[in-house]
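Values in this document were obtained by computation on a predicted structure and should not be read as measured data. Order of the sequence lines sets the chain letters (A, B, ...), proteins ahead of strands, with each chain counted from 1.
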2 protein chains.
Amino acid sequence: MTPSIRVALVEDNARLREQLAQFIAAAPGFACVGACADAATALATLPAAAPEVVLMDIRLPGMSGVECVARLKARLPEVKVVMLTAYDDSETILQALENGASGYLLKRTPPADLLRSIQEVQNGGAPMNSHIARLVVQSFHRRGSSPRSCENLTTREEEVLRLVAQGFINKEIAESLGISLETVRQHLKNCYAKLHVRTRTEAAMKVFR
Amino acid sequence: MTPSIRVALVEDNARLREQLAQFIAAAPGFACVGACADAATALATLPAAAPEVVLMDIRLPGMSGVECVARLKARLPEVKVVMLTAYDDSETILQALENGASGYLLKRTPPADLLRSIQEVQNGGAPMNSHIARLVVQSFHRRGSSPRSCENLTTREEEVLRLVAQGFINKEIAESLGISLETVRQHLKNCYAKLHVRTRTEAAMKVFR
DNA sequence: CGATTTCTCCCCCGAACGGGGTATGGCCAG
DNA sequence: CTGGCCATACCCCGTTCGGGGGAGAAATCG
């Protein structure tokens, strides 16, 4: 027989976690190699457990599931992560997908469908419901059409940030635009505030992909 | 009864076009308001026909379906376009989605499913098969995090750079990876040398665009 | 086996960055 | 005309970054 798919869980609700763990462990072709209650535990223990698929609650105490996906994928690039949630939290779900999640399921998904989705994601699929599919495609439209993610930036701010994205340091940007170094810094401060980021790299990636 | 959904076709195969047109026209709740053989005809006649949903072959003589979507959406921003194709042409499909297509179906889709998909897209959905869903999500990963031109980077270097691209500062990356700050710095120095860049932002943009 | 690569850690130091202020002039809308 | 937004410019201060060294352990390659 083919080896079982190694599955791990990250779910703070103890009852649901145990329930899922036992169900997966009992299912033929599936093995439960981990069941964590929070993101910190997951990051600490899952690299050693080497799961192939991780089911992760999108709402976790402490570090969010989204943040956890990003960090987990940084350490285990091959792992496939399927987010679990009780609600259709659009914004969070898109962030999770951007951070490396491969699929999205509702917690109320019937167990049989859950197993099918695990197999699907293991085979390179992307299980998600139609609602999420729509969000994803809409997001695609935004990226495809010229308007970037943030139109609240002034033309000058965007101009400065574009040069930042090309790797120039502030001094070079100042010379390039014929303005003072301090002014460049001021524009960037405004960018950070508007984009809710703390570094030039984060701002550049957010606006210019 | 609710008004019929106004559907138009763009399909160069005359036989398939007529077949689909008659099927849609005959279906209760659907109306076929146009059936064009090429992109030029579609752009000329569809604005007057005012369809709500357009089924468009992705391979057309002359102007491609992808290009046609972009131009059609420019004139009819509200129209929903579902691409039809016989093959899984990944690259083309993603371009179509970026240009404003809302869904993607195989030509061999059963007629009943076709009607259901038209309704789905009319209601704001995004009909697509699981294969396309996977492509879309993978593309998402690339935008969020996934390497491109970094064959010379080691796995660790790439791992560090991915976190850099997410806006983390070295100290946070060190904690996240469970290594020393100095080691993170060392990996980044190697990245800069290999990528021929001088700043973290430039490196991040170069590898993760 | 030795050589190379990879990952890890440490030092110094100057430049660059980010956050906190403050301020002036131009322009436009209410 | 007054308030708000924008672009410009400057200060201080602590943190972060990038380049320059050096070095050891493990894995991999030839």
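- Nearer to the 5' terminus of DNA chain C, by closest-nucleotide assignment, is the contact made by B/Arg185 (compared with the other of B/Arg185 and B/Thr199).
- Atom pair A/Glu172:CD and D/dC17:P shows a separation of 18 Å (rounding to whole Å applied).
- Rounding to the nearest 0.5 Å gives a distance of 12.5 Å between CD of A/Glu120 and CG of A/Leu115.
- Comparing C/dG20, C/dC11, D/dC6 by their closest approach to the side chain of B/Lys189 singles out C/dC11.
- Going from atom CD of B/Glu158 over to atom C1' of C/dT5 covers 17 Å, rounded to whole Å.
- Both A/Thr183 and B/Leu181 sit near DNA chain D, but only A/Thr183 has its closest nucleotide nearer the 5' end.
- Put simply, A/Asn170 has a side-chain N or O that comes within less than 4.0 Å of OP1 or OP2 on C/dC17.
- When rounded to the nearest whole Å, the span between CG of A/Leu161 and P of D/dA7 equals 13 Å.
- A salt bridge links B/Glu159 to B/Arg156: one of the charged nitrogens lies within less than 4.0 Å of a carboxylate oxygen.
- Side-chain atoms of A/Arg200 stay outside donor-acceptor range of the base of C/dG18, with no qualifying N/O pair under 3.5 Å.
- Between A/Asn170 and the options A/Glu175, A/Arg200, A/Arg185, a side-chain hydrogen bond (donor to acceptor under 3.5 Å, both in side chains) holds for only A/Arg200.
- Residue contacts for A/Thr155: at a heavy-atom cut-off of 4.0 Å it reaches the sugar-phosphate backbone alone, with no base atom in range.
- Using a 4.0 Å heavy-atom cutoff across all strands shown, A/Asn190 reaches no nucleic acid atom at all.
- Mapping A/Gln186 and A/Lys171 onto DNA chain C via the closest heavy atom, the residue that lands nearer the 5' end is A/Lys171.
- When rounded to the nearest whole Å, the span between CG of A/Leu188 and C1' of C/dG19 equals 13 Å.
- Remark: P of C/dG20 and CZ of A/Arg198 are 13 Å apart, rounded to the nearest angstrom.
- Regarding contacts with the backbone of D/dG18, a side-chain N or O of B/Tyr192 is found under 4.0 angstrom from either OP1 or OP2.
- In this structure, A/Glu182 atom CD and C/dC17 atom C1' are separated by 11 Å, rounded to whole Å.
- Taking only side-chain atoms of B/His187, from C-beta outward, the nucleotide of D/dT8, C/dC7, C/dC10 with the closest atom is C/dC7.
- One interatomic measurement links the two molecules: CG of A/Leu177 to C1' of D/dA9, which rounds to 15 Å at whole-angstrom precision.
- One finds no salt bridge joining A/Arg59 and A/Asp12 here, because no Lys/Arg side-chain nitrogen approaches an Asp/Glu carboxylate oxygen to under 4.0 Å.
- For the pair A/Ser176 (side chain) and A/Glu172 (backbone), a donor-acceptor distance under 3.5 Å is absent.
- Rounded to whole Å, atom P of D/dG18 lies 12 Å from atom CD1 of B/Ile169.
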